[in-house]
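Since the structure comes first, as structure tokens, the remarks are kept for the end.
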Amino acid sequence: MAYRDLQSFLKHLEETGGELIRITEELSPCLELTAVLKRIGGEDGPAVLFERISGFKDFQVAGNVLGTKKRLAMAMGVAEADLEEEYLERRQRLLDPEQVKTGPVKEVIKKKDVDLTKDIPNVVHHAKDAGGYFSAGVLITKDIETGVQSMGIHRLQIQGKDRLGVLLHSPPLSEYFAKAEAAGKPLDCAVACGVDPNILSAAVAKGGMTTDKMALAGGLSAEPVKVVRGETVDINVPAFAEVVVEGRLLPNVRVEEGPFGESTGYYLTYQSPVIEVTAITRRKKAIFEIIEPWGMEGEVLGYLGYGSEMVRQLKELVPNMVAFHLIPHTCSSHAVASVNDRGRRDARRLLYLILTLFPGVKKATVVDTDVNIYDPYEVEWAVATRFQADRDLIVLHDVPGLGIDPSSRKGRSSKIGMDATIPGDEPEKFEKIWVNEESDKKAKEILGKYLRA
């Protein structure tokens, strides 16, 4: 089942039971929304709809919408166990967006006296943030040479009535802007907030996307995304978005953007480009979506967007790799992979590939298949009992790293890889203790009677 907008997806989550909670108390957009999300945003935390926002009677706010793999799978209409395989398959079945004349996002159109501080919720996430930010805004723009449109999730700071500062580190949008700036031209853009969940997933996709990511969103939904032309810019935007902010990226203009509490868990400040806002369109009763920085939703989205692509690349290069996992709460910088018995000899090569092919990964561990890579205790157990630093440690110096890692040196980093597979000289020493399948099955059945909620 495809969800053409955020509202229909939230309705489904509520009907499913346990996947959405509504908060009816009036809350301030300054700190209080994020405080709630930080309390409930664990690995199984529900989506949240804040119904009353101080100072913004025409808005609700949604958070943690895609905070679990289960909800990502629900958005695509697949079983959670099939999510990664289905995602990679649908990435190959792109569906171009469908142009329509209008849509719900045009119910309110404002081109004059635009005021970002009053016209949309000015959400401040952390105590020392410089101001309100879009944390789930999908920035859309196009290549001035090819006309190809694309999108990505970039943090955007409200810097006044008609100004947004934008952290623009990631391609393809950073490349599009670089071309326009080199030509001395402003670049039309739009920010869509509150979109079909598969648009959000497509926006963070990496791995050589050379076409409009809106076509990927259509592929993920198995249904074309309906788009409508902007009011003041030559950009197609989702017709069923909740809010769209239109504007132009100004060439050769930089402002201090930040501090902002980033997904690394620290406050970061940059000299960033500026968007001059030209219009705001929205629904009459709109839902402003936010992603809690340094929360599970960003981690889950990141894993689908580029973790699954990592799996595809690595399995092509190391067929004996069985599974791969990006460890939560590490900003996707810590990875663990498992290999089968034949793959132990590939462990060091796999470590080098993980650390060099993916700049954001800073620490990688390889284990055997008897270790549950999704259980951090088991991974640490394997390191504690199968790894020796003088024999099994890899250290890489001065290689490309994660740009928002505050410990990096101008985007350069040092990395480590740990081979925690069973050593080959005395494998009999490393048999993992257990009961047996029959006993385990019986224990599970018995406990099911006592531990039901």
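Residue numbers run from 1 in the order of the sequence given. Fair warning: this is a prediction, and the values are worked out from it, not measured in the lab.
Between the side chains of Ser407 and Lys362, a donor-acceptor pair is found at a separation under 3.5 Å. Ser221 and Asn198 form a side-chain donor-acceptor contact under 3.5 Å, judged by distance and modelled atom types alone. Side-chain contact annotation: Glu257 with Gln159, donor-acceptor N/O pair under 3.5 Å absent. Asn236 and Gln99 are linked by a side-chain donor-acceptor pair at a separation below 3.5 angstrom, with hydrogens and angles left out of the test. Side-chain atoms of Glu84 and Ser308 form no donor-acceptor pair, as typed in the model, at a separation below 3.5 Å.
Of the charged side-chain nitrogens involved, at least one lies within less than 4.0 Å of a carboxylate oxygen, so that Asp119 and Lys110 count as a salt-bridged pair. Between Glu107 and Arg282 there is no salt bridge, since no side-chain nitrogen of the basic residue lies less than 4.0 Å from a carboxylate oxygen of the acidic one. Between Glu223 and Arg4, none of the side-chain N atoms (NZ, or NE/NH1/NH2) sits under 4.0 Å from a carboxylate O, so this pair counts as no salt bridge. Looking at Asp234 and Arg229, a side-chain N of the basic residue comes within less than 4.0 Å of a carboxylate O on the acidic one, giving a salt bridge. The residues Glu25 and Arg52 are annotated as not salt-bridged, no charged nitrogen and carboxylate oxygen being separated by less than 4.0 angstrom. Look at Glu86 and Arg90 and you find a salt bridge, because one of the NZ, NE, NH1 or NH2 atoms lies within 4.0 Å of a carboxylate O, short of that distance. One finds no salt bridge joining Lys70 and Glu80 here, because no Lys/Arg side-chain nitrogen approaches an Asp/Glu carboxylate oxygen to under 4.0 Å. In summary, Lys11 and Glu14 do not engage in a salt bridge, as defined by a charged side-chain N under 4.0 Å from a carboxylate O.
Counting non-hydrogen atoms of other residues, nucleotides and ligands closer than 6.0 Å to OH of Tyr266 gives a total of 12 or fewer. Enclosure of atom NZ in Lys161 is not indicated, since only 12 or fewer non-hydrogen atoms of other residues, nucleotides or ligands lie within 6.0 angstrom. No more than 12 heavy atoms of other residues, nucleotides or ligands shown are found within 6.0 angstrom of CD on Glu85.
Relative orientation of the Phe9 and Tyr3 rings is perpendicular, given thresholds of 30° and 60° on the angle between their planes. Below 30°, between 30° and 60°, or above 60°: for Tyr270 and His169 the angle between ring planes is above 60°, a perpendicular geometry.
Remark: side-chain polar atoms of Glu262 are not paired, donor with acceptor, to backbone N or O of Leu268 under 3.5 angstrom. Judged by distance alone, with hydrogens and angles left aside, the side-chain atoms of Thr264 form no donor-acceptor pair with the main-chain N or O of Asp405 at under 3.5 Å. Here the side chain of Gln60 pairs no donor or acceptor atom with the backbone of Ala286 at under 3.5 angstrom. At distances below 3.5 Å, at least one donor-acceptor pair connects side-chain atoms of Glu246 with backbone N or O atoms of Glu231. In this structure a side-chain-to-backbone donor-acceptor pair under 3.5 Å is present from Asp143 to Glu145. The backbone N or O of Val61 sits nowhere less than 3.5 Å from a side-chain atom of Glu289 that would complete a donor-acceptor pair.
To the nearest 0.5 angstrom, Leu216 atom CG is 11.5 Å from Asp96 atom CG. Residue Leu326 holds its CG atom at 11.5 Å from CG of Leu304, rounded to the nearest 0.5 Å. In this structure, CZ in Phe50 is found 5.0 Å from CG in Leu33, a value given to the nearest 0.5 Å.
Contact of the Leu314 side chain with the Leu350 side chain is registered, since non-hydrogen atoms from C-beta on lie closer than 4.5 Å. Looking only at side-chain heavy atoms (C-beta outward), Val366 and Val339 come within less than 4.5 Å of each other. With a 4.5 Å cut-off on side-chain heavy atoms, Ser135 and Ile290 count as touching. Between Pro29 and Val124 the shortest side-chain heavy-atom distance does not fall below 4.5 Å. The shortest side-chain heavy-atom distance between Leu49 and Ile287 falls under the 4.5 Å cut-off. Counting only heavy atoms from C-beta outward, the side chains of Ile109 and Lys111 approach each other to under 4.5 Å. Counting only heavy atoms from C-beta outward, the side chains of Ile291 and Leu301 approach each other to under 4.5 Å. You'll find the side chain of Ile327 stays beyond 4.5 Å of the side chain of His329, heavy atoms only.
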Could you please spell out the steps behind the side-chain contact (heavy atoms from CB on, under 4.5 Å) verdict for Leu72 and Ser201?
CA-CA 8 Å; Leu72 279 174; Ser201 295; 3.4 Å; yes
Audit row: Glu26, Glu51, side-chain contact (heavy atoms from CB on, under 4.5 Å) steps and yes/no:
CA-CA 7 Å; Glu26 182 172 310; Glu51 294 189 339; over 6 Å; no
Audit row: Glu98, Val227, side-chain contact (heavy atoms from CB on, under 4.5 Å) steps and yes/no
CA-CA 6 Å; Glu98 178 186 338; Val227 295; over 6 Å; no
Determine whether Ser408 and Leu402 satisfy the following criterion, side-chain contact (heavy atoms from CB on, under 4.5 Å), listing intermediate values before the conclusion.
CA-CA 7 Å; Ser408 69; Leu402 183 66; over 6 Å; no
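The shortest non-hydrogen separation linking Ala130 to Gly258 is CB-O, 3.2 Å. The minimum heavy-atom distance between Val322 and Asn340, with the atom names listed, is CG2-N, 3.7 Å. Nearest approach of Val228 to Ala239, heavy atoms of both residues: CG1-CA, 3.9 Å. Residue Val300 comes nearest to Lys69 through the heavy atom pair CG1-N, 3.9 Å, listed as atom of the first residue, atom of the second, then distance. Contact detail for Val225 and Gly218: the closest heavy-atom pair is CG2-N, 3.9 Å.
Contacts classified as salt bridge (Lys or Arg N to Asp or Glu O under 4.0 Å) and involving residues 185-204 (residues at least two apart or in different chains) are given here: Asp188-Arg248. Under the salt bridge (Lys or Arg N to Asp or Glu O under 4.0 Å) criterion, the residue pairs touching residues 406-417 are Asp398-Arg412, with sequence neighbours excluded. Applying the ring-ring contact (aromatic ring centres under 6.0 Å, His included) test to residues at least two apart or on different chains, the pairs with a partner in residues 127-147 are Tyr133-Phe260, Phe134-Phe288.
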